[in-house]
Amino acid sequence: MIEVKNLTKYFGAKKAVDNISFTVEKGEILGFLGPNAAGKSTTMRMITGFIPPSDGTAVIGGADILTDAVAARKKIGYLPENAPVYPDMTVYGYLDFCAEVRGFSGENRKKKVEEALEKCFLNEVKFQTISTLSKGFKQRVCFAQSIIHDPEYLILDEPTDGLDPNQKHEVRLLIRKMSADKAIILSTHILDEMDAVCSRAIIIAKGRIVADETPFNLRTRSSLHGAVSLTLPPTDTEKFISCIRGIKGVKEVRIIEKEADTLKVRIYPENAYTPIVNGVVTALSDHHYEIKTIFVEQGRLDEVFRELTV
Amino acid sequence: MEIKESANNIKAIFRREIGGYFGSPVAYVFIVIFLMLMGFFTFYISRFFEVGQADLRNFFEWHSWIFMFLVPAVAMRLWAEERRMGTLELILTFPVTVADVILGKFLAAWVFIGIALFLTFPMVITVAYLGSPDTGPVICGYIGSFLSAGAFLSVGIMTSSFTRSQVISFIVSVVLCLFFILAGYPPVTEMLSGWAPIWLVNLVSSLGFLSHSVSIERGVLDFRDLLYYFSIIFFMLFANGIVIQNRRT
Ligand SMILES: Nc1ncnc2c1ncn2[C@@H]1O[C@H](COP(=O)(O)OP(=O)(O)O)[C@@H](O)[C@H]1O
Ligand SMILES: [Mg+2]
């Protein structure tokens, strides 16, 4: 378990991280979300022991990062922001060095390096000098470094930054595959990524936690959550609106788009937790409206994100 | 257990650093320049052949002056590079102590300079061919040079820890090295004794290399001289550790 306790960081007079606390259990993938300069990297740097906190601490599987730093770091795999690597080393040499520092020797070290190469699809560039690799490969080389010792705790600062969509997909799969027996924290400012990978999301803004929920629950905060979107053939909008207004539980109807051959409307419920879709369907068929498409909105993360962080 | 782990960490960092030196042209350029300067000063400036004396004192005298420039040039990148590439964040979040990292880096650079120093042996062979110098002073001379290189290196690695700029690190460490060379020279001591209290004059001149290197070059390896060099190294590396531990980023 990773326990983050009241972490605070001042840079001069500026408070970059303000009293952040949370815990992550094994099996969880925690998405650390926030706009740029929210304090994500600073928090991760404190958890990994790179910069000392101004206040508070983090306990990694029982080892306090302040009083038992080396033991805590042994349990962590860390991918720093911008994936630092030694450009003049070969991929193999770099991973071999990382494995050596992690205490592996002889055949065992070789095996660890080979496994990491395999998992991160790096075999084709095994003996290439890192400086000649593209950004995506460098990212994966550094990622390989973070999992080479099969750590219980993984801390990944923007792990898919600079990757193309296919590579992003692969890295996300890899993270998900590893999550069963690890506690993973990953930071991102990409909402889809959080949605695709994380079992829980913490949103931070200006150094503070503003939400700590599952992506699903986060969605329910959206004003869109539970709304019903419809497309119909063109029809008399006045009559249509008054028909919808009569349904129990409906708060508001909005015309989204009106074209020659379709009408798009969205119907908002009074209470997001009382479904209105049945009522809508019944009322429309009673009045002989033809429904082309119907969709119950889950809520939009970007809207929630904006509301919480701006 | 902890000592074994530390030794393993130091070894890993040492191996990476040494590999870095010989994997880049900088190492070879350094060695060639060092050897050329050595030859130039010994043969032309000190007129090695004309004094008609088969002894290596002049040769060793130049070492400190050449190291004063070349060693800071080797040392200035030791921390600055890690900062520039962002690998500082990597290496300081590995399960290693700051002391392991510093020792690994220091020893690698020291061994590298030692290799350059070793490559001056043709000079010794020349002398041995021309005459028959005492082997004692020659061996001690090399030991003395190696120790003063280590002391300069510890100064250089320390200055490289507190600035991102390699230029500033280089200049500050050259100045500090110059202080260590000049501190014991009679003109400097005389100049100081004009106004400074006697204890300060003694302190400054005992901090200088001169008195220690003179006795070593005579072929006497005194425990106090060794202690002197190792205290400088220890002090500088310790200061380096404090700077790295308290860095802001
Ligand atoms: N070393 C530093 N010195 C001064 N300010 C810093 C330093 N590192 C980060 N900051 C500031 O702290 C804030 C949070 O930064 P960061 O944690 O990198 O944000 P994020 O990773 O969420 O984009 C920013 O305003 C940034 O300018
Ligand atoms: Mg960041």
Side-chain angles (χ1 to χ4, degrees), chain A residues 9-12 16 41-42 44-52 54 60 63 65 68-90 93-105 109 129-131 138 141-142 145-146 148-149 151 155 157, chain B residues 1-29 77-105 108 112 164 241-249:
Chain A
K9 182 73 189 177
Y10 285 94
F11 288 114
S41 299
T42 305
M44 293 184 143
R45 286 177 173 156
M46 289 191 283
I47 297 173
T48 53
F50 178 58
I51 51 176
S54 308
I60 317 291
I65 197 71
D68 204 359
V70 172
R73 288 188 206 139
K74 272 187 190 156
K75 302 176 195 237
I76 299 180
Y78 178 38
L79 170 65
E81 196 171 23
N82 303 323
V85 285
Y86 290 103
D88 50 358
M89 295 178 100
T90 63
Y94 173 80
L95 292 177
D96 187 56
F97 165 65
C98 296
E100 189 178 7
V101 172
R102 295 283 181 187
F104 298 106
S105 58
R109 184 159 94 215
T129 306
I130 295 178
S131 61
K138 284 182 191 157
V141 170
C142 198
Q145 163 276 130
S146 72
I148 200 162
H149 53 305
I155 296 183
D157 200 347
Chain B
M1 186 61 201
E2 263 179 31
I3 290 183
K4 207 175 138 221
E5 258 177 35
S6 251
N8 174 66
N9 296 338
I10 293 170
K11 194 181 108 213
I13 289 159
F14 177 90
R15 272 203 330 140
R16 201 200 72 72
E17 292 276 337
I18 275 283
Y21 286 119
F22 290 101
S24 78
V26 180
Y28 303 100
V29 171
R77 44 167 291 282
L78 286 173
W79 288 109
E81 277 290 88
E82 301 267 5
R83 282 209 157 109
R84 190 179 61 78
M85 300 185 299
T87 44
L88 192 63
E89 188 163 358
L90 196 71
I91 204 158
L92 293 183
T93 55
F94 279 148
V96 300
T97 62
V98 171
D100 297 340
V101 181
I102 292 174
L103 279 176
K105 282 177 171 292
F112 170 67
R164 248 166 219 280
I242 289 175
V243 172
I244 289 296
Q245 216 116 43
N246 293 293
R247 90 208 113 69
R248 296 199 36 197
T249 45

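All chains are named by letter (A, B, ...) in the order of the sequence lines, taking the proteins before the strands, and each is independently numbered beginning at 1.
Taken from CD1 in I51(A) to CG in L92(B), the straight-line distance is 12.0 Å, to the nearest 0.5 Å. Considering CZ of R102(A) and CZ of F94(B), their distance stands at 6.0 Å, rounded to 0.5 Å. Rounded to the nearest 0.5 Å, atoms CD1 (I130(A)) and CE (M85(B)) are 10.0 Å apart. The structure places CZ of F104(A) at 11.0 Å from CG of N8(B), a figure rounded to the nearest 0.5 Å. E17(B) contributes atom CD, which lies 8.0 Å from atom CZ of F97(A) (distance to the nearest 0.5 angstrom). Atoms CG and CD, on D88(A) and E81(B) in that order, are 8.0 Å from each other to the nearest 0.5 Å.
With sequence neighbours left out, Y28(B) forms a side-chain contact (heavy atoms from CB on, under 4.5 Å) with F22(B). For A72(A), the side-chain contact (heavy atoms from CB on, under 4.5 Å) test picks out I60(A), A63(A), I65(A), with sequence neighbours left out. When the side-chain contact (heavy atoms from CB on, under 4.5 Å) test is applied to S131(A), the partners found at least two apart in sequence or on another chain are P87(A), T129(A).
Residue I13(B) touches chain A through both its backbone and its side chain, counting heavy-atom pairs closer than 4.5 Å. Contact annotation for E82(B): only side-chain heavy atoms (C-beta onward) come within less than 4.5 Å of a heavy atom of chain A.
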Can you list the steps and then say if K11(B) with E100(A) is a side-chain contact (heavy atoms from CB on, under 4.5 Å)? CA-CA 9 Å; K11(B) 194 181 108 213; E100(A) 189 178 7; 3.7 Å; yes

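Among K74(A), K75(A), H149(A), the single residue meeting the side-chain contact (heavy atoms from CB on, under 4.5 Å) criterion with P95(B) is K74(A).
In this structure, C142(A) and L90(B) approach most closely via the heavy-atom pair SG-CD1, 4.4 Å. Considering all non-hydrogen atoms of both residues, P84(A) and G86(B) come closest at CB-O, 3.3 Å.
The shortest distance between side-chain heavy atoms of R16(B) and M89(A) falls below 4.5 Å.
Residues of residues 96-104 of chain B lying within less than 4.5 angstrom of chain A, judged on heavy atoms, are V96(B), T97(B) in numerical order.
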